Undergrad: 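First, the structure itself, so that you have it in front of you.
Please read all numbers here as calculations on a predicted model, not as lab measurements. Just so it is clear: chains get the letters A, B, ... in the order the sequence lines come, proteins before strands, and each one is counted from 1.
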Protein chains: 2
Amino acid sequence: MKTNTLSRKQEIYRTAARLFKEKGYSAVTMRDLAAAVGIKAASLYNHISSKQQILSEIIIDIAEQFTEGIDTITHQKTDAVTKLKAVITQHITLTADNPYGMAALNNDWMHLEGKLDYYLNLRSQYENTFKAIVQEGKDSGELKDVNVEILLYSILTTLRNLYLWIPKKGELKKDELIKGLTVTLLQGVEK
Amino acid sequence: MKTNTLSRKQEIYRTAARLFKEKGYSAVTMRDLAAAVGIKAASLYNHISSKQQILSEIIIDIAEQFTEGIDTITHQKTDAVTKLKAVITQHITLTADNPYGMAALNNDWMHLEGKLDYYLNLRSQYENTFKAIVQEGKDSGELKDVNVEILLYSILTTLRNLYLWIPKKGELKKDELIKGLTVTLLQGVEK
DNA sequence: CTACAAAACTAACAATTGTTAGTTTATTTT
DNA sequence: AAAATAAACTAACAATTGTTAGTTTTGTAG
C-alpha cells in the first residue's frame, strides 16, 4: 500500500500546485482541490494534514533545490560567466520540471505561516550568492560596468517568471530556451 | 461634499491596491480593507459598490493607460529602437506612478469577473503591438537576429515586475532606472 | 438653528471556509 | 476466510466571508 498512498499524496500535491497557479493559494478551496482529484474534501485529510502544509511542502522543496544548486555552482572553480550560465541553466531545468510549483513559490510565498522565515532566509541566501557571482564578473573584468542591482533584477525576474512561458508546450524547446536566454540575458553585458 | 467623497473613495482604492499587493485579492477581506482605512466594513459600501468593482477599477484603469500609450508610440514615425525605448520609459513611468496597482494587474487579473474578457483583449493588443515593434526592428536590421519570442518574453517580464523593485524607495532613481534598464535590455540585442 | 444629505455605526444574513468525527467500503496481510 | 489497515464517504462544526438593513452621528447649506 505504500506506493499507492504515496502516489495519491503526490497527485494531491501536483494538483494543488496546478490550481494554486491558476487562482492563487487563497482562492483555491479544499473542495476545489478534492474535486480536481476526484474525491471529497474530507478524504484529502487521509493523505495530508492541512492546506497550509501542502503549500509549505511545495514551496520549501523547490526553494531548497535552488539554494543548494547555486551553492554548488558558486563553489566551482570557473569564471563568473560560466557560473552565470550554469545558474540560468539550473533555473530553466528546475522550472521545466515543476512549473506549477514555481508559480506557487513566486506568488504565494507570503501565505506561508510556520515556514515563512525559513523561506525568506533561503531566498536571501540565493539572491546574495547570485549577486556575488555578478560582482565577481565585474571585478574580474568579464562583465561590463553595468549597475549590478539592475542587472540582477532583470535576470532574476526573467528567470523567476519562466513558469509563465515554459508550459506553452513545446513552442520553445528547452535547449533552445537555454541558448536563447543565455544570449539575450548575457550577451549585452559581456565584454 | 463631492471632493470629500472622491478623496475617501480614492483612499479606499489606493489602500485596496496596497493590500492586494501584499496578500493578493482573495486574501484581503472587506474587514481588512475597512480597518486599514479606519472605518467599519459596512461603511465601505457608502463609497464603493462591491469588492469586485474595486479590483476591476484598479486593473482596467491601468491596462487602458498601457494600451493607449503603446498605440501612440507605435504610430510615431521613428525607428524601432526609439519606439522600444519609449515603451520601456512608459512602463517605468506608469509603474512608478502606481506600483500597487501594477501588482494587482499582474497577480489578480484572473479574479476579474465581468471585465475579464475586456482585460484579456487589452493585454493581447498590447503584446501584439509590442511584438510588432520588435519584429520591425529585426526587419529593418536595427536588431540582431534573436528569437523574437524570447526577447519579447524577457523584456516584458522584466518590465511587468518592476513594481517589485521600484517601491524600494529611492535606492534607484527613476532616471537611473530608465537609462540602466534600456542599456541592460537593449544593448545586447542592438546591432 | 434647522433641515438635509453624507458617512459612519451596529446587527445580522446566507454562503462558504478549513477541518473533525464517525462510518462504510476497498484493499492488503495473515 | 478472517483480520487489519487504508481510504473513501456523510454530516456537521465554528469561524469567516461579502453584503444588506436600519439607525445614529457628522458636517454643510439655507
Undergrad: Any side-chain heavy atom of N161(B) within less than 4.5 Å of one from R160(A)?
TA: no

Undergrad: What pairs of residues pass the ring pair (Phe, Tyr, Trp, His ring centres under 6.0 Å) test when at least one of them lies in residues 141-162 of chain A, not counting sequence neighbours?
TA: Y153(A)-W165(B)

Undergrad: Given axes from five pairs at either end, by how many degrees does the helix from dC1(C)-dG30(D) to dT30(C)-dA1(D) bend, rounded to 10°?
TA: 10°

Undergrad: Flag the pair E11(A) and R14(A) as a salt bridge only when some basic side-chain nitrogen lies within less than 4.0 angstrom of an acidic carboxylate oxygen.
TA: no

Undergrad: A63(A): what forms a side-chain contact (heavy atoms from CB on, under 4.5 Å) with it, not counting sequence neighbours?
TA: L105(A), Y119(A), L122(A)

Undergrad: Should E64(A) and K115(A) count as an ion pair when the cut-off is N to O under 4.0 Å?
TA: no

Undergrad: Show me the pairs that pass ring pair (Phe, Tyr, Trp, His ring centres under 6.0 Å) and involve residues 48-84 of chain A, at least two apart or across chains.
TA: F66(A)-H91(A), F66(A)-Y126(A)

Undergrad: Summarise protein proximity over nucleotides 8-18 of chain D in one line of letters, 5' to 3': B for base, S for sugar-phosphate only, - for none, counting protein heavy atoms closer than 4.0 Å.
TA: BBBBB----BB

Undergrad: Identify, with sequence neighbours excluded, every residue that meets salt bridge (Lys or Arg N to Asp or Glu O under 4.0 Å) alongside K40(A).
TA: none

